[in-house]
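Heads up, the thing below is written out as structure tokens.
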Amino acid sequence: MKFSTKVLTLLVATTAAFSHNIPVKRNNFDKCFSDLKDNSTCLETILTAMTNKTFNKSCKIYASEKCQKFYSEVDNIPESCFDAEDKQKGLTKDGVRQLVAQFNYMCVKDENDRLCPLPDITINHFYNPKFSGTKEEVDRDSFKAIEETCYSKKCTDALVEYDITMLNDQKILEMMSTHSNGESIEDFKKYFEDGHNLLTSKNCTEKAGTKTPELYSDSHKDSTSDGSITYIKMSSMIMITLSVLYYLL
């Protein structure tokens, strides 16, 4: 695979989490939510695949002072929220940290108060229960979304921040490596460094503000995701994120 496509696929795979809206019964987290008490909505929000209808509400909850405090104290989350018997496939504290960083990017809007290209295609295409894209289609759509991201400084800066967050969190990199098909921590570092370099290159930054980014939803209004909220099975979310990533790389 060409360098550029490999980088773009990584960005989409890790940002989108490629959950395919995997349903999980709420009672799987009943003890966890009970132990969290008033903070249950903070965890529930980042475990839920966003739709166009829930985007503003989810991002408002995420950005609330209460939830930001909760996200900054991941080590204090009760053990009942994690899978003690299968830490490799279940929800982990590092998995929560990755989701928090992902949401931090997903909730950013461009200068015209529109979704950024990657969150837009994530919500309206990759999170769509009917998604069945081929490798070639994902490559094409991913490349287009990144190209359009460069036209918004806010979107580009937010994605650069996401890359830096991933690069600076050794535990998240270790988690990704552990769940991978043989990729090392250094491999992941290289991918995020390449993504960072791509987004901060003159070829990308000089496009900022020269036009309004085109969104996937602009030309696919009949297939956008307005479905009901679906809980994501965290064990599958992490595994599918990485299995899709390695299928595409």
Side-chain angles (χ1 to χ4, degrees), residues 1-18 50 55 59 62-63 97-127 133 135-170 172-173 175-177 180 183-218 241-242 244-246 248-249:
M1 179 179 290
K2 294 181 179 179
F3 160 80
S4 60
T5 307
K6 190 171 186 177
V7 172
L8 302 182
T9 301
L10 174 76
L11 291 171
V12 171
T14 54
T15 303
F18 247 98
M50 286 190 287
F55 178 87
C59 289
Y62 170 83
R97 291 189 180 94
Q98 193 277 331
L99 285 172
V100 170
Q102 173 185 305
F103 246 78
N104 192 53
Y105 170 66
M106 292 281 287
C107 288
V108 171
K109 289 188 175 181
D110 70 10
E111 292 78 1
N112 297 308
D113 199 36
R114 297 187 352 135
L115 290 179
C116 291
L118 275 177
D120 177 75
I121 196 172
T122 297
I123 292 170
N124 292 304
H125 190 35
F126 299 140
Y127 276 178
K135 170 184 173 297
E136 290 74 20
E137 290 170 338
V138 171
D139 285 348
R140 179 200 64 208
D141 294 340
S142 302
F143 191 87
K144 176 66 174 176
I146 290 291
E147 282 188 323
E148 294 302 317
T149 295
C150 292
Y151 290 105
S152 166
K153 187 176 187 302
K154 287 180 66 177
C155 294
T156 301
D157 289 348
L159 191 49
V160 167
E161 181 183 348
Y162 175 80
D163 284 343
I164 292 174
T165 299
M166 296 296 98
L167 281 168
N168 290 339
D169 198 315
Q170 183 72 12
I172 289 179
L173 293 172
M175 177 201 70
M176 289 182 168
S177 178
S180 74
E183 298 285 319
S184 68
I185 293 174
E186 292 304 313
D187 289 331
F188 276 98
K189 284 184 177 179
K190 176 73 163 54
Y191 298 151
F192 283 115
E193 286 170 354
D194 287 347
H196 177 273
N197 292 338
L198 177 71
L199 293 163
T200 57
S201 68
K202 183 179 179 180
N203 184 50
C204 181
T205 58
E206 67 182 5
K207 295 178 181 178
T210 60
K211 75 164 190 172
T212 299
E214 295 178 15
L215 303 181
Y216 175 88
S217 59
D218 290 340
T241 299
L242 294 160
V244 171
L245 170 63
Y246 289 104
L248 294 171
L249 291 180

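Judged purely by atom type and a 3.5 angstrom limit, Asn104 has no side-chain atom pairing as donor or acceptor with the backbone of Val100. Between the side chain of Glu148 and the backbone N or O of Pro213, no donor-acceptor pair lies under 3.5 Å. In terms of modelled atom types and a separation under 3.5 Å, the side chain of Asp120 and the main chain of Pro117 share no donor-acceptor contact.
A 4.5 Å side-chain heavy-atom check between Thr212 and Tyr151 finds every atom pair outside the cut-off. Between Leu118 and Tyr105, some side-chain heavy-atom pair lies under the 4.5 Å cut-off. With contacts defined as side-chain heavy-atom distances shorter than 4.5 Å, the pair Met166/Tyr191 does not qualify. Annotation: side chain of Phe192 is not in contact with side chain of His196 (no heavy-atom distance under 4.5 Å).
Across all their heavy atoms, Cys116 and Leu215 have their closest contact at C-CD2, 4.1 Å. Contact record, Thr149 with Thr156: O-OG1, 2.9 Å, taken as the closest heavy-atom pair. Closest non-hydrogen pair, Lys154 versus Glu111, comes out as N-OE2, 3.0 Å. Listed here is the closest heavy atom pair of Leu167 and Leu173: O-CD1, 3.8 Å.
When the shell of 6.0 Å around NZ of Lys211 is examined, it contains more than 12 heavy atoms from other residues, nucleotides or ligands.
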Report the C-alpha distance between Leu99 and Gln102 in whole Å, list the side-chain angles of each, state the deciding distance to 0.1 Å, and finish with yes or no for side-chain contact (heavy atoms from CB on, under 4.5 Å).
-> CA-CA 5 Å; Leu99 285 172; Gln102 173 185 305; 4.1 Å; yes
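Within the model, atoms CG of Asp169 and CD of Gln98 stand 10.0 Å from one another, a figure rounded to the nearest 0.5 Å. In this structure, CE on Met50 lies 5.0 Å from SG on Cys107, to the nearest 0.5 angstrom. Remark: Gln170 CD to Phe188 CZ distance equals 12.5 Å, nearest 0.5 Å. Summarising the geometry, atom CZ belonging to Arg114 is positioned 9.5 Å from atom SG belonging to Cys155; distances are rounded to the nearest 0.5 Å. The CG atom of Leu115 sits 14.0 Å away from atom OH of Tyr216, with the distance rounded to the nearest 0.5 Å. Here Asp157 contributes atom CG and Leu199 contributes atom CG; the two are 9.5 Å apart, rounded to the nearest 0.5 Å.
Classification of Lys189 and Glu186 as a salt-bridged pair holds, one side-chain N sitting under 4.0 Å from a carboxylate O. Taking the charged nitrogens against the carboxylate oxygens, Lys207 and Glu147 have no contact shorter than 4.0 Å, which rules out a salt bridge.
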